[in-house]
Amino acid sequence: MAGIEQTKEVMTFIFSLSEAVEKSLDDGEFNWSDARYFLDPLKKLKPALNEIDEVIPEIMDLDDDELSELVAYAKDKFDLDDDGAEEKVERVVDCGVELLRLFTDLKKSPA
């Protein structure tokens with residue numbers, strides 16, 4: 001098992017970003033005052049990217065116990081209810097993988 005700490009960091013960023021978008025659209029408008037909601041995700045971006053290359057190996061090595069740990073982590077940290085929590089975590093993990101691929105591709109692209 002490679003562990004899942006980096007995967008948790010990526011999950012934390014994605015859930016935080018999702019919450020920021022939800023809050024900013026809550027009043028039906030999107031304006032400069034909504035920028036305050038994006039401060040927390042920005043703080044979580046650096047830890048999520050620090051060792052993002054480790055996320056793919058963590059996910060490829062993910063076993064049932066680690067998935068359960070990720071679900072419990074997300075339920076506790078992001079107040080998810082039991083209904084659909086595992087599916088949401090799997091989708092967030094998939095999003096993290098795609099985000100990693102995008103960052104990797106962008107780093108390889110000539111400036």
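Numbering starts at 1 and runs along the sequence shown.
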Set of residues satisfying salt bridge (charged side-chain N to carboxylate O under 4.0 Å, His left out) with respect to D94, sequence neighbours excluded: none
NZ (K75) and CG (D79) are apart, to the nearest 0.5 Å, by 11.0 Å
Looking at N31, is its backbone amide N or carbonyl O close enough to the side chain of D34 to form a donor-acceptor pair, meaning the two atoms are under 3.5 Å apart? yes
Carefully, step by step, assess L67 and E90 under the rule side chain to side chain contact (heavy atoms under 4.5 Å, CB included). CA-CA 8 Å; L67 179 58; E90 288 174 353; 3.7 Å; yes
Give a yes or no on this: more than 12 heavy atoms of other residues, nucleotides or ligands lie within 6.0 Å of atom [atom1] of [X].
X   : atom1 : result
D64 : CG    : no
R36 : CZ    : yes
E98 : CD    : yes

Pair listing, ring pair (Phe, Tyr, Trp, His ring centres under 6.0 Å) test, anchored in residues 9-34, at least two apart: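 Every pair satisfying ring pair (Phe, Tyr, Trp, His ring centres under 6.0 Å) with a residue in residues 9-34: F15-F78.
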For a side chain to side chain contact (heavy atoms under 4.5 Å, CB included) check, start with the C-alpha distance between L80 and K88, then their side-chain angles and the critical distance, and finish with the verdict. CA-CA 9 Å; L80 295 182; K88 288 177 184 172; 4.2 Å; yes
Could you walk me through whether Y73 and V89 pass the side chain to side chain contact (heavy atoms under 4.5 Å, CB included) check? CA-CA 10 Å; Y73 174 79; V89 167; over 6 Å; no
Test item: V92 and V10 side chains (from C-beta on) under 4.5 Å apart, heavy atoms: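 No; the side chains remain at least 4.5 Å from each other.
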Please report, to 0.1 Å, the donor-acceptor pairs under 3.5 Å made by any side chain of residues 40-49, with sequence neighbours excluded.
residue, atom, partner, partner atom, Å
D40, OD1, K44, NZ, 3.0
D40, OD2, S16, OG, 3.1
D40, OD2, K44, NZ, 3.4
K46, NZ, N50, OD1, 3.2

